[in-house]
Number of protein chains: 2
Amino acid sequence: MPTRTASPQPQRPSRVVVEPVRPIVDGGALPAKATVGEPMRVVADVFTDGHDVAVAAVRWRTVPTTGKPGAWQEQALEPLGNDRFTAMIVPAELGRLEFDVIGWIDHLETWRRGTAAKVAADLDVTLELAGGERLIDAALASTTMPDADRRALTALRRSLRSGDTSELSDPRWPSVFWRTSPRDPIASLPTPLPVDVDPLHGAFGAWYEFFPRSTVNSETSPGDELRHRTLAESIDRLDHIASMGFDIVYLPPIHPIGTTNRKGRNNSTTAEAGEVGSPWAIGSSAGGHTAVHPALGTVDDVADFATACRTRGMHLALDIAFQCSPDHPWVTEHPEWFAKRSDGSIQFAENPPKKYEDIYPLDFESSDWQSLWDALADVFRFWIARGVTVFRVDNPHTKAFAFWAWALQTLRAEHPETVFLAESFTRPRVMERLAKIGFNQNYTYFTWRQASWELREYFTDLSTRTVDYFRPNAWPNTPDILTEQLQTGGRAVFVTRAILAATLSPSWGVYGPAYELLEHLPIRDGSEEYLDSEKYQLRSWDLDHEDSLAPLLARLNQIRRDHRAFRNLDTIHFHDTDHPGLLCFTRTDPSGAGLPVIVVVNLDPADRHSGFVDIDLAAIGLPEGADYDVVDELGGVTHRWNGSRNFVDLAPWSASAHVFSVHRVDDRTSTTRGVTA
Amino acid sequence: MPTRTASPQPQRPSRVVVEPVRPIVDGGALPAKATVGEPMRVVADVFTDGHDVAVAAVRWRTVPTTGKPGAWQEQALEPLGNDRFTAMIVPAELGRLEFDVIGWIDHLETWRRGTAAKVAADLDVTLELAGGERLIDAALASTTMPDADRRALTALRRSLRSGDTSELSDPRWPSVFWRTSPRDPIASLPTPLPVDVDPLHGAFGAWYEFFPRSTVNSETSPGDELRHRTLAESIDRLDHIASMGFDIVYLPPIHPIGTTNRKGRNNSTTAEAGEVGSPWAIGSSAGGHTAVHPALGTVDDVADFATACRTRGMHLALDIAFQCSPDHPWVTEHPEWFAKRSDGSIQFAENPPKKYEDIYPLDFESSDWQSLWDALADVFRFWIARGVTVFRVDNPHTKAFAFWAWALQTLRAEHPETVFLAESFTRPRVMERLAKIGFNQNYTYFTWRQASWELREYFTDLSTRTVDYFRPNAWPNTPDILTEQLQTGGRAVFVTRAILAATLSPSWGVYGPAYELLEHLPIRDGSEEYLDSEKYQLRSWDLDHEDSLAPLLARLNQIRRDHRAFRNLDTIHFHDTDHPGLLCFTRTDPSGAGLPVIVVVNLDPADRHSGFVDIDLAAIGLPEGADYDVVDELGGVTHRWNGSRNFVDLAPWSASAHVFSVHRVDDRTSTTRGVTA
């Protein structure tokens, strides 16, 4: 190396450059997300100077927190044009993996293309053939070459020696040379990139939230409506939920509820005797975050409930809300974990000028932060030990990011099967950061995105800019959010919002009984709070009511299970329509195993709209002008569509949406219309 | 710290998160670019959990290759909304700097906002005032506080003690608290980000290329047209070039030209006796890359020529083309630097089936690559020692990236005043990589971007995605590229392409005499090569011809010097027009010192077009509905414009473009029309 060099290079550097494109989070400092058994798209830019042919591979291996990394696996990258390469890899194990992209100059392929071009131009290639022999000899020096490749190269060498160039255009050479060309020197990413591999329900699932204390059936048990039911009793709701095809059963906090400043029905600041209070006011003399409300049962009942979910093919999700009622044991056992006001009292929660005297926030800047953090992580460990591996975390954005980064990394290293959903409705950068530092999923702005352009813009952003780390979970309602649209739009809005959530987002959820039964009255005009909310009082529900949306929810979840296209987010593609009230998008299965899906929704709950949709056929893998059958998975009808522009007619009183699976018409039919695949 | 933690944290971590936005290249692995004395925009996301107020600063320091880093300088970041912050810093020295972004919770400002909200809601704030005193006492414990701040805090403490809350809404507090709130703990970027600071002409300048051997004036020296002129003689061209306001005088290679396979006029493969050959076929028995063609003069003449440029306020740029004629001394002195064919002959340049027998490429995979790299770096050092600090590098994309990364880093560490322009017309990723690894500037696709949408799309990409490292140099023509548009479009195309290059791109250039004199004949139909190109033969020019574009070029360069808005790229903004043949864009000076500029160009060389332009007034710092004067810096006329939509009428036979400077109408006038600034 030249003596003046600032950074000596010990060996001849590769002429190839490898630049990461995706997945990558914060330049590789934080892990991207993948799903076990599901394809993960890797994209990188790989190129060299001049006209030589650069080729590439992706390599990946498991990197457990303790113990040795797994063996490297390798797969070829395919060119996309303009020096961009891609491959789909399928992680086989939960937990952390890392991947690298390697590139090298394929001198054999470079030689083949150059020589073939000269042959085609009728130029003398005597020296080229001799050069080819020299390159083949160098390749054959490898001792690890597959026998078939060795035979192929040896045969090619023989042809070249005899002056026969007819073999050069054989399409097998690029892949043979990819395997056999010497890779020295090799280029790679500056550093391998980390990926966390989740269970399927970390990325894809349907969530159902209900209050186990309010599971009396008002039709079959009249007079019993106001009985506080137990966890053991509420297991009778699980068959109903499973019959609708939900994957996750999510319960609001199950802990003892404080009595100091307990909220009364309809969020009254004073509770009357016998009122049950909000489950989010956690902690009483009966215990805190590792205790169960006596009226619900015991810790063992939670384990039994989790088992009951599993036997029905579902997962139990608990709500973890790190806040304390003034009666929580920690208030007296660990007063240092709470911030004090100037008079020595504990600082209650507030967002000036609003006050929440019934809840004390924890102080993440406490002098004793280390013991606090450990105790909070232990809350998760306590429930994981009882068979709970899914957690919906309440307001994580009001707790320190550094705590979550530490806790989630630690817990997932111990239990890679765990899934954490961030209930964070706040500013974009904050929600994105929670996703980056380890939350598997996040609630979204879907709840308030209603117009066609809003949904298109939002899900385009979710499926591109943040897709490597932010996994949306779309909820049309929650116990805290009854949108103005649901209050006023009638049944059609409940229908379309469920269809949109279930088909736009890999994960979606509903706050169950209220959604099934079209609950739509607010506590007052202009509020998003429910009237007579279950948050503050016992309710009973007639789940067998003839107006129930249960059949639609069941059908939606069945369609999602039948079609792998719904599992990923990055293939979502929006298409233009003639009418701003019509939204059209497609989903596809990157593995190619599943059918493409076309969704068209009339967003207007009051009126019929018809018009043309302009399908970008390339987005669903169809050639221009193709014939194809679209089977309405909701309505059952099949239409023959042709090309891009096709007509739809949707009315809220008949069908508000189409969810079409797309079936290619056989090649013969296409060919007669001059179409090639 | 909890015992189970995977990564123990020795001290209480900050609750603030700092994420870099820009400038950043490859996650911080490579330096971004800045310009000495010019504002550089820093953007970062800074936020914390909950409702506390996060504030931020940018810190930067020089980091010379050898010796100690300079002292940190600091500047406040201002909020842009949605947790994004920005500041403009002005690097004062050439060479490498690094910057960091730091963030902290401003507990005083958090307290002030919360307390003011409670005061406004008429709530009791007794405890808040006491809490404020406690925070002020903690701040006053600092020994380094400015006296004025100490007095302000002490006075505020006194007011609070007396129960007076009237001070809380004083607008000075955010900045006082920014300076005085304790910053412990502090958050910062994961690692400081590097920036290379160039001289102004590394980012902003007008380039003029000419062949010094062809500088006979055909009008004043009839009969002398075919005389090969020397460097010393061609100094007589510099006044002409300086009078047009160019900043860089760029000469094609000045080295001895090979005779083996010398090209004849019009790129003939056989040269007749006495033909001069192409300057890019470098090397003969007279020497190689550190020699001067005997007919041009000596190495000392180059130094004199560089001095002559400098005395006229210009820089000399030499063309460095790392390739060798078969007669280059290196071919015999260092045969190992060239790749061999199977018969032992040196591999000439080729792009199969094309052959370039007159040029040998250098082999960057040579076994003796280290001595080759050193020799190439020494070529630059040789000319730098003769006073040349600007280099136009020929086809850098056919040489190893690792070489450029090493050479440019090494040379710039030795000579931070050097500027390298990459003559790379190739695929996007390759051009971008050359920019990332150290080329100050790059040629661009501008040459072939002609339609309004093409220019808009391309310069939007250049001014956003790659703006931190890729600096465009826009050329309407080069000795190798006479676009089809210039061949057929007549004078109007020469006019508009010069205006576009000079006003769209901070750096622009022309291949001089041919452009001034509207040279437009191709060697044959369908070719972009010039007929009777100077590359292969001597030419003479009548620079005083009445049709010369020299007055336009001079005016454009004067406008560029008069308006700082042209110096940066990231403020470029395109605006809609009623007609696809009209292109409208604005440039602004981020420092606020210079006037905004509006450019409107009729791209049609054959027809008049008129219509409305829709100026996004926010992009030029004007309020909605504002009145403003636009002064045509080309035509001299002033118009009073109002609001967004204004009418233009441009015809190739009168004026093809407006280059307006924008002048606010005084506040009184605006106010009478109900406008607020």
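Remember, predicted model here, so these are calculated numbers, not experimental data. Quick note on labels: first sequence line is chain A, next is B, and so on, each numbered from 1.
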Polar side chain donor-acceptor pair, B/Ser366 to B/Asp368, under 3.5 angstrom: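 No, B/Asp368 and B/Ser366 have no side-chain donor paired with an acceptor closer than 3.5 Å.
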
Go through [options] and name the one with the most non-hydrogen pairs under 4.5 angstrom from chain A.
options                               : value
B/Arg84, B/Glu365, B/Arg134           : B/Glu365
B/Gly114, B/Pro190, B/Gly27, B/Ala121 : B/Gly114
B/Lys118, B/Arg429, B/Lys399          : B/Arg429

N/O donor-acceptor pair under 3.5 Å between B/Thr110 side chain and B/Val53 backbone: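 Side chain of B/Thr110 to backbone of B/Val53: a pair is present.
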
Side-chain donor or acceptor of A/Arg96 paired with backbone N/O of A/Thr65 under 3.5 Å: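 Absent.
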
Per-residue contacts, residues 123-131 of chain A versus chain B, heavy atoms under 4.5 Å: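 The residues closer than 4.5 Å to chain B, in numerical order, are A/Leu123, A/Leu127, A/Glu128, A/Ala130, A/Gly131.
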
Inter-residue atom distance B/Arg15.CZ - B/Trp104.CH2, 0.5 Å rounding: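 It is 15.5 Å, given to the nearest 0.5 Å.
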
Cationic N near anionic O, under 4.0 Å, B/Arg433 to A/Asp49: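 Answer for the salt bridge query: no.
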
Salt-bridge present (A/Asp378, A/Arg381; N to O < 4.0 Å):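 Salt bridge present between A/Asp378 and A/Arg381.
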
So which part of [X] gets closer than 4.5 Å to some heavy atom of chain A, the side chain, the backbone, both or neither?
X        : answer
B/Ser14  : backbone
B/Arg341 : both
B/Arg113 : neither
B/Thr48  : backbone
B/Asn395 : neither
B/Val17  : side chain
B/Asn82  : both
B/Thr115 : neither
B/Ile105 : side chain

Ring centres under 6.0 angstrom apart (B/Tyr469, B/Phe439):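 No; B/Phe439 has its ring centre 6.0 Å or more from that of B/Tyr469.
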
Centroid-centroid under 6.0 Å between B/Phe364 and B/Phe401 rings: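 Aromatic pair excluded; centres sit 6.0 Å or further apart.
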
Top contributor to chain B interface from A/Gly50, A/Ala377, A/Ser342 [non-hydrogen pairs under 4.5 Å]: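 Answer, by heavy-atom pair count under 4.5 Å with chain B: A/Ser342.
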
A/His51 portion near chain B, given a 4.5 angstrom heavy-atom threshold: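 It is the side chain, since no backbone atom gets that close.
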
Under 4.5 Å from any heavy atom of chain B - which part of A/Asp45: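 Side chain only.
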
Residues which pass salt bridge (Lys or Arg N to Asp or Glu O under 4.0 Å) with A/Arg161, listed by chain and number, not counting sequence neighbours: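 If we apply the salt bridge (Lys or Arg N to Asp or Glu O under 4.0 Å) test to A/Arg161, skipping adjacent residues, the hits are A/Glu133.
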
